[in-house]
> 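Let me begin by handing over the structure; questions about it come next.
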Amino acid sequence: MEKFIIGNWKMNGTQSLIKTMVESLHKTIEQNSPNAQVVICPPFPYLGLLQKTIEGTAVKAGAQNVYYELSGAYTGEISVNMLTEWGSTYCIIGHSERRSYFGETDELVQKKAVVLLENNITPVICVGETLDQRESGAHEATVVGQLTKALDGISASDLARCIIAYEPVWAIGTGKTASDEQANDMHKVARGKLAELTDESTAKNIPILYGGSVNAKNAASLLSQSDIDGSLVGGASLKPDDFCTIVTSAP
Ligand code: PGA
């Protein structure tokens with residue numbers, strides 16, 4: 001299966017980084033034909049520029065958030081129609097930073113997933129346990145619980161159009177990556193839940209990405225694990241050379 005390498009810029013970047021990054025990625029993809037779909041998710045104000053800049057390249061655009069209503073009096077929010085107009089074909093939802101700083105719940109994540117699927121934007125649904133949850137042995141139950149709630153009421157055929165990102169909170173931006181084995185084990189747990197919600201062969205084809213301190217050095221071994229279908233990259237997705245190395249690390 002083709003891997004997904006998704007860059008989550010968070011609240012970082014500039015217009016000039018959009019241009020430099022797309023140029024570097026385009027060159028890398030042309031020269032190496034990596035086995036990866038590359039997506040950049042910059043802050044909202046850069047999506048229009050990104051849409052123009054990726055024209056004629058294999059790079060795709062994604063957003064970091066969306067609201068589930070289509071329009072109306074929701075100051076500060078962005079609708080799925082706006083993402084479509086901006087040429088975004090992916091959207092991250094339920095990132096742990098949105099959950100912890102902005103009160104995003106599994107129920108809200110579910111509503112966002114539904115509206116994205118209805119509008120043909122691929123939801124990148126993030127799940128992951130905190131350090132406390134891992135140390136108390138609750139990591140598997142936490143992730144299964146998040147998936148159960150976020151995917152509630154979503155049909156198997158719609159689920160087949162989703163991407164899941166497993167991002168242990170203790171590994172995000174900390175430089176502490178989950179080991180290959182820890183990550184792969186959790187991906188198997190998540191895939192088991194997806195198989196329950198769909199069936200084995202559908203679940204096999206739902207990409208499960210790993211995120212949390214992925215960098216140019218550790219990407220290749222993470223990406224070669226049996227159940228890791230790509231990575232959601234934060235910090236390293238702001239550095240063109242590092243991000244390009246991650247893209248070409250996809251086996
Ligand atoms: P990081 O972030 O790569 O900087 O750890 C990953 C993410 O939060 O998506």
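Order of appearance sets the numbers: ligands from 1, and atoms from 1 within every ligand.
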> In ligand 1, which numbered atoms sit nearer than 4.0 Å to a non-hydrogen atom of Ala171?
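Close to Ala171: 5 (O).
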> With ILVMFWY side chains joined below 4.5 Å, transitively, what does Trp170's cluster contain besides itself?
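Cluster partners of Trp170: Leu131.
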> Ligand 1 versus Asn8, non-hydrogen atoms closer than 4.0 Å: side chain, backbone, both, neither?
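Only the side chain of Asn8 comes within reach of ligand 1.
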> Considering only heavy atoms of Gly173, which atoms of ligand 1 have at least one such atom less than 4.0 Å away?
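Answer for ligand 1: 1 (P), 4 (O), 5 (O).
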> Hey, does Glu167 come in under 3.5 Å of ligand 1, counting only N/O atoms on both sides?
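So ligand 1 has an N or O lying under 3.5 Å from an N or O of Glu167.
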> Do Thr248 and Asn32 have side-chain atoms, one donor and one acceptor, less than 3.5 Å apart?
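Side-chain D/A pair, Thr248 to Asn32: absent.
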> Below 4.5 Å, heavy atoms only, C-beta onward: do Ser79 and Ser71 meet side chain to side chain?
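With C-beta onward as the side chain, the pair stays apart.
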> Return yes or no for this condition: an N or O of Gly235 is under 3.5 Å from an N or O of ligand 1.
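The answer is yes, given that Gly235 and ligand 1 share an N or O pair closer than 3.5 Å.
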> Examine distances only and state if a side-chain atom of Gln133 and a backbone atom of Glu140 form a donor-acceptor pair shorter than 3.5 Å.
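Side chain of Gln133 to backbone of Glu140, a donor-acceptor pair under 3.5 Å: no, none is there.
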> Donor-acceptor pair, distance only, cut-off 3.5 Å: does the side chain of Trp9 make one with the backbone of Ile40?
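No, the answer is negative, given that no donor and acceptor are paired below the 3.5 Å cut-off.
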> Hey, is Cys126 one of the residues with a heavy atom under 4.0 angstrom from ligand 1?
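Contact check Cys126 vs ligand 1: negative.
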> Under 4.0 Å, counting heavy atoms only: does Ala236 come that close to any atom of ligand 1?
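No heavy atom of Ala236 comes that close to ligand 1.
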> Evaluate the side-chain proximity of Asp229 to Arg191: yes if any heavy-atom separation is below 4.5 Å, no if none is.
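Yes, their side chains come closer than 4.5 Å.
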> If you group Ile, Leu, Val, Met, Phe, Trp and Tyr whenever their side-chain heavy atoms sit less than 4.5 Å apart, what else falls in with Leu209?
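Reading the cluster by chain and number, Leu209 sits alongside Phe4, Ile6, Val39, Tyr90, Ile92, Val124, Ile163, Leu232.
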> Determine the sole option in Asn65, Leu83, Asn119 for which the side-chain contact (heavy atoms from CB on, under 4.5 Å) test with Cys91 is passed.
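Only match with Cys91 under side-chain contact (heavy atoms from CB on, under 4.5 Å): Leu83.
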> Quick check on contacts: which atoms of ligand 1 are under 4.0 angstrom from a heavy atom of Ser213?
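In order of numbering, the contacting atoms are 1 (P), 3 (O), 5 (O).
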> Any idea which protein heavy atom is nearest atom 3 (O) of ligand 1, and the distance to it?
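Answer for atom 3 (O) of ligand 1: Gly234 N, 2.9 Å.
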> Considering only heavy atoms of His95, which atoms of ligand 1 have at least one such atom less than 4.0 Å away?
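Result: 7 (C), 8 (O), 9 (O).
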> Between Ser226 and Asn184, does any side-chain donor sit less than 3.5 Å from a side-chain acceptor?
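Yes.
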> Please list the nearest protein heavy atom to atom 2 (O) of ligand 1 with its residue and the distance rounded to 0.1 Å.
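Looking only at protein heavy atoms, the one closest to atom 2 (O) of ligand 1 is Lys10 NZ, 3.2 Å.
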> Would you say Gly211 touches ligand 1, if touching means a heavy atom closer than 4.0 Å?
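No heavy atom of Gly211 comes that close to ligand 1.
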> What are the atoms of ligand 1, with element, lying closer than 4.0 Å to any heavy atom of Gly212?
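Counting atoms of ligand 1 from 1, those under 4.0 Å from Gly212 are 5 (O).
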